[in-house]
Each structure stands twice: as C-alpha cells, then as structure tokens.
Amino acid sequence: MINKTIKDADEAVKDISNNAVLMIGGFGLSGIPENSITALLKKDISGLTCISNNAGVDDFGIGLMLKKRMVKKMISSYVGENKEFERQLLSGELEVELIPQGSLAERVRAGGAGIPAFFTPAGVGTEVAEGKEVREFHGKLYLMERWLRADFSLVKAWKGDTAGNLIFKGTARNFNPMMAAAGTITIAEVEELVEAGSLDPNQIHTPGIYVQRIYQGKDYEKRIEQKTISQ
Amino acid sequence: MINKTIKDADEAVKDISNNAVLMIGGFGLSGIPENSITALLKKDISGLTCISNNAGVDDFGIGLMLKKRMVKKMISSYVGENKEFERQLLSGELEVELIPQGSLAERVRAGGAGIPAFFTPAGVGTEVAEGKEVREFHGKLYLMERWLRADFSLVKAWKGDTAGNLIFKGTARNFNPMMAAAGTITIAEVEELVEAGSLDPNQIHTPGIYVQRIYQGKDYEKRIEQKTISQ
Amino acid sequence: MLDKNQIAKRIAKEVKNGQYINLGIGIPTLVANYIPNDLEVVLQSENGLLGIGPFPKEDDIDPDLINAGKQTITMTKGSALFSSAESFAMIRGGHVHLTILGAMEVSENGDIANWKIPGKMVKGMGGAMDLVASAENIIVAMQHCSKDGKSKLLKTCSLPITGIKCVKKVVTDLAVLKILPEGGFKLLERAPGISVEEIRSKTEGRLVVEGEVPEMDIQ
Amino acid sequence: MLDKNQIAKRIAKEVKNGQYINLGIGIPTLVANYIPNDLEVVLQSENGLLGIGPFPKEDDIDPDLINAGKQTITMTKGSALFSSAESFAMIRGGHVHLTILGAMEVSENGDIANWKIPGKMVKGMGGAMDLVASAENIIVAMQHCSKDGKSKLLKTCSLPITGIKCVKKVVTDLAVLKILPEGGFKLLERAPGISVEEIRSKTEGRLVVEGEVPEMDIQ
C-alpha cells in the first residue's frame, strides 16, 4: 500500500505559496484542520483563495488568516460570527463569493468526481443566478453550476491510516470528504494515525486515493461556538 | 424514530404492478435483493422497466424475471452471462438501453440527489452520445446526462435497523446506496435487522430517510459467478 | 399577540407523523420542543445528521456534534451521520418533507427574503436557498411587522430574495396565513384577541379573508 | 510472438511506483502477477474496492467480495470499500493514474473499440467508456491481428467505438507501439524474433519507424 505519511503540519504545507487556491474543511469551527491552519499562519504568504463553508471566528480558524491578511478571496456559504471579516468585506479589501451551501457542497463534490457542471434549483430567481444558465427540466427551473477544484485541500479526520484512508466523527465530517477529493494535493491531519490494515475497509469515509499527505495532528482545541445544554 | 419495518418480501412488493419502473441493486449476482426478486416472481405482472447494472444469469436474479417475460425494458451497463437475455434482445422482444457504468451510477445518484442533469466525458464520440447535448468545458468535451428515478427501488444490505438505516458489506455495496435514494418507494432487505439505536450512526452507508420499507431477508444463496482461487 | 414560543407551538401543529423535518435557526429551532410525543418524526441537521436529540447535559457535550446553528446537540436512537454533499442530496432530492425557517420578508406569491440587507448585513445564505428551492412544504415563522411597524408580508419583497414562489404557509405573532397558488395571503387563523382588521392593516400584500376566521388554538 | 502472460509481463514494466491502477478483464488482469514487489501500487476494482489482493484460498472465499470480472478476490492491507458512484467519481475525477484494458480494434489516432459487434455480440460497455474518457494514461493489451489474420491496428475503427483519441500505448503479441499526438503508431519495441517488416505488414494504420527498433525485454 502506498504510504502517504509525512512528519508534521509544517512539512505538509511547505509548498503552499502566494495565490494558491485552498479548500479548508469544516462547518463552523467543527472539523477544521487546526494544525494545518496554524502551520499556514507561520508562513509569509498572501493572495490566497479560500473555499470553505465558513470563515472561522475572529480569533480562531480561518479568522486568523483573515486577520493576517493572507486571504484575497473567500468562497463560502455563511460568514457571520466574524467582525474582522465583515470589516474587510465592507471596506472592499476582501473579495467574497457567497454560494448556497448545497451548491457549494455539490460543486466541490463535482470537482473531485470529474463533473464539470450540473443543474440545481438553489438560487433560481435570486442574485446567485446572475450570469448563470437557467434551464427547465420536468417543469422546474434549474441553474447550471460549475465544479470547484483546489491546488491544496486541507482536511481533518478523526482516524486515518498510512495509506491515507480517513474516518470522520460526528458532524465534524461535513465538507471534509468532498474537499479531500477535489484537491490536487490533499493534506489530511488526523487525531489518530494508524498503520494501513488497522481500519475496517467497510467503514472508510474517504478512500486513501484522494489523500496525498497525512500526518498525526496534536493539541486539538475543538472550540465550541454555541455551547448549549439542557438542564 | 420512524419505524419502517414490514413483515416480509411478499408484503414489500405487494403494490408493484404492471409497467412499474424498478431499480434493482447489485453488481453481477453480488448484493442483489434475492428475496424481493423471488417475491416479484410470484406475482402476475409484466411490462416492467428494470434499471440494474446487470441482468442476472439465466437461472438466477433478474434472469428469472426475463425468463418469465415480466420485463419490457432493461437499462444496464453490462448484460453478458445471460443467454435468454441475448435471445430476447436479438429477437426484439426486449427493449435494451445500454449506458456506461459510471454514467449509470451517476444518473441514479443524480435522481436521488435532485440533480436533473450533469456533464460527463463518458461516451463522447460514440453511439451513446447520439441525441445528447455535447459541450466543452476546460478544453474537453462532455455529454449532458439526465437523472434516473424509479417507482420502486429494491436493494439489499448486510445490516439494517428499524429506522431504515443500512450498512453494506464488501463489494456487495455497489449500486445499492444510490438506488435506495432514487426510488419513490425503496424496499430494503437485510441479512440482519436490528432495533434502531443498535448501529453506530457514524458507520451508516444509507441513512434511513431513503428507505420506506425494510424487512429481514432469509435463505440467501449469494451465488458466485466466477469462483477463482489461488493455490 | 403570540410570543416566540407560541409561534413555535402553533407551527408544531403542522407536523405530521413520519415526517423528516429541517428546522432553521431561531423560532424554528423552538418548534422541536412542541412536537407531540406520539408523533414519530426525524429532525435533519444540514451539517450532516438525521436524528437531532435534545441539547446535551454538561457532561455529554461533544464538540464534534453540533447543529446548523453551531449549538451542541445529542443524537436520537437510529440516527445517521453523513457529509454535507449527502445532506443536500437529501434536501435537493425532496426527501425532507417539511422545512421551517425564519424570514425578513415574504411576498404574496411566496417569495422569501432572509439572507441579506444590502449595505448593512451580509452573513450569507447558508443552506436556505437550497432548502426553499427543494422542500415540498415550506412554513415560515416570523414577526408580522418589523420593529418600526412596517409589514413584512408584502406584495413583492424589497430585499434580495432567497427563493421564488416557495413559501406555502406563514405563521406570525398575529396570524396563520396560507399562500394561494394564484398569489395572496389567505387568512386561516387569528392570534387570540387580534381582529381581522388589525391583520389587514398590517399586511401590505393582498389579504384574502373568507367567512369567519377562527382564533388559533395554541394550547 | 508473445503469449498472453508475456504481454502482461511487458505491460507490467509500464507501472510506476505510487500509482492507482484499473485493470480490465482478460490479459490486463494478468498484469497484476508481474508488478515488481518493490513497487507500491493500488489496484482499483470499479465495483467498489481500492486494494485488490490475490485470489482467495478455498476457505477464504467471500461471495460479497468480487472484482469487476465477478471473480472472487481478497483485499490488501489498507484497502477501502465504496459505492459504484464513488468508484466512478474516482475514475472520472482523474484519480486513477493508469488504465489497462483489452480492445477489439485501435485506430492510429487513439480511438478504441471493445464493446460491441453489431448483429453478433452486445454485452455492453460496462465501465470501459468511463475509463477511457477519464484516465490520464491508457494502455491497451491485445492481439495484433484477429484469428483470421486481419490487422486490429487500423486507420479508423470499423466497430462502434468506446472512446476517441484516448489510447496512449498498445502492447500486442508482436510489438509495443505508442500513439503519436498527431496520429500514427510509433513502433517502440519488437517481440523477440519479430521483424519490423512483419509488424509493418500486419499494421493497417500508419506505422512510424525511426532508427533501430529494439527487441522487448520480457524477462
């Protein structure tokens, strides 16, 4: 089996340079590649395009990359919870493309799956439809949406093996599997890295073919945005 | 949790009638819904359209439905291994639409996922492209393919729970998950039916939302087409 | 005039046995508290879960288990986890029967606006555009008027819209209204003590009133 | 003239370390037997497996574990199972580096025909049309001539084609040939004892011969 293991986060992101297009997994702060983001923050790069459902919060996740002005353009579905983001957006310093969440998920999936375009009803009649082909199928209107691909995809899994196979946990799966498939170089960090052969082949969420680099992550903070309990 | 359990195969297929469009899971004879097919064979119906990657063999699986002349049209990617099939095809008794396997899998997935059409490179320049829109993206030609949906999907899983969640085993997964999602009524038979809450939510291959009826199957033959061993 | 919990309580009466339901952020999330125990329904979270349970006890909090509002949650028995692509495949494919969401404006032909106020607020549409374009039944939970007294039930939306001709029913603090296929808000029920006249004066879009309009039952 | 195993052996030399490979039915399946042990490669089965292992021992046969040729198989360490949609997502998305398959005809511009003989045989294309339309590198394993002596390396295919301009290399019982970007079969190697003249006489399509053509190394 092909061994994808690398030493650490710094080695993982060493060739990410100015103006790269990145996909970054996660929903809110759940399932984000904390170690890879920390390693990116140590680098002196800018002009990045980030495809990620959210943009982190002011002091965590992609929010820290925005604060450091590494990002030229965000492609996301929801970017609330982030004052620095809002400031850069309103001042015009940051380019932002907002995409319906399902279209984002499917466009990333299409990128990994070699489907250059598909039709979805989301956004018909709204400003999302501007400049896009509209077509009727079975009496309903649909927009044509294009695939999304990235130079590097940064994903985070619960368990992974040296062959690059990944298993996610809970709702931390979210965008990670599709992004893993849509990156030219996919960098996976995992909470627990095991030998190839240790994971049940029937329970793999992301087959290793999609992963070019894998490493054992550390010190996961897993910050909670809305701690809500029942009495 | 919504309970999808029904008594047996006969109850499962009771409202499948003449001219219904069926999807039938499996690749070759692996992962086919043996019990549902047996129950169908007891019914006096015809004019069926069957969407299935293969057409069984002469004396097993869909081959038995062909022999009983229940099928008007087959939509498949590969139909070798079946003499009765070849006879009906060459004599014109059976309508056949052959589709590249990846296009078949994706068209079924699109049906379940509400994507009426998408673009794929498979079949460009071949007779599969006849009558289909061809379009260039990023310098490569693609065909527009439409979704496939069915009145009933018959699938077979390894384990399932009363909420309709399914787990498949080995390469018997194949077309079953996409077909489960693309049927108006999806009928799942399982080798082991357990109470909702017994399966790990993180290991579900087909979420119960796609399954309308589930039952405990019995007497699985799991016939092997090409027994091959190493010495 | 209903409070948020009463609006949620009234919407809960729309829920039918066996439904898969997506609840938006805000009032819609509260609906879960009022679904009768004898109904078997499954709540979907668009970030990848079927089978949302109650909020966790302090000791059961799992940062890897949140809902679309980023709140910590639990799972019910028989739940299933999946990716965002699978989640929206379910939504787009029409497998989710009922979507309940908030709105800033609804028009008399069923258009909805809830994602953007130009120049003021742009948080993004999240999954709302997919939901309203896909679900067979969409119910909106909202205040009838804005804080400065302007009707939010309009002839046409003034804000950038989220979806066209998709809302089937609106439940506000004042009324339950059905969007007619030919356009117009048909008044189905009044909040206790609220007159048809008051509702008419606070509804900018075409209001259709036929016969006696009963008061809501929010017990 | 090479036998099937020798063709497979020669093709195995094309395999590079770290590749994900899809092997078709027939001679291509035999290639697996000759991939050097020091290369780490992964074999994909389009019915839903990455990591095909050797055929099983009698006692290890599992009917739920077959390859695309419906043969019983085993899994290697680190393998992964998935659906047919995911399998072809991998193929279509260009994640599989090398596809080796059989053919009935190949044309000098890289067209391939291998799924249908009108009026005689229609088994279906299976996954072949997806594979040839998607893989970055496609090698064909075939006999140079049909049983009645007709060349199968043609100017244009006479049978219904499986894909256009996709084949990169052809390995036959007589020769190794590269399809030139501008069209034409460039002769790279001869089978031991086979002359350039013989290959020329058995190749209907344009044959390009430059300088000395070495004999294949099939050790």
- [ ] Using a cut-off of under 4.5 Å on heavy-atom pairs, state which of R109(B), K140(B), Q203(B) scores highest against chain A.
- [x] R109(B)
Open item on the list: Quick check on K222(B): does its NZ atom have over 12 non-hydrogen neighbours (other residues, nucleotides or ligands) under 6.0 Å away?
Closed with: yes
- [ ] Report, as yes or no, whether the 6.0 Å neighbourhood of atom CZ on R146(A) holds more than 12 heavy atoms from other residues, nucleotides or ligands.
- [x] no
Open item on the list: With a 6.0 Å cut-off (strictly less than), is the heavy-atom count around NZ of K132(B), excluding the residue itself, greater than 12?
Closed with: yes
- [ ] Drop me the distance from W158(B)'s CH2 to N202(A)'s CG, to the nearest 0.5 angstrom.
- [x] 6.5 Å
TODO: Could you look at F119(B) and say if it's the side chain, the backbone, both or neither that has a heavy atom under 4.5 Å from chain A?
DONE: both
TODO: Under 4.5 Å heavy-atom distance to chain B, tell me which part of E106(A) shows up: side chain, backbone, both or neither.
DONE: side chain
Task: Test item: M144(B) and M144(A) side chains (from C-beta on) under 4.5 Å apart, heavy atoms - done: no
Open item on the list: Please verify the inter-ring angle class for W147(B) with H138(A); under 30° counts as parallel, over 60° as perpendicular, anything in between as tilted.
Closed with: parallel
Open item on the list: How close do G114(B) and P121(A) get, counting heavy atoms only, and between which atoms?
Closed with: O-CD, 4.2 Å
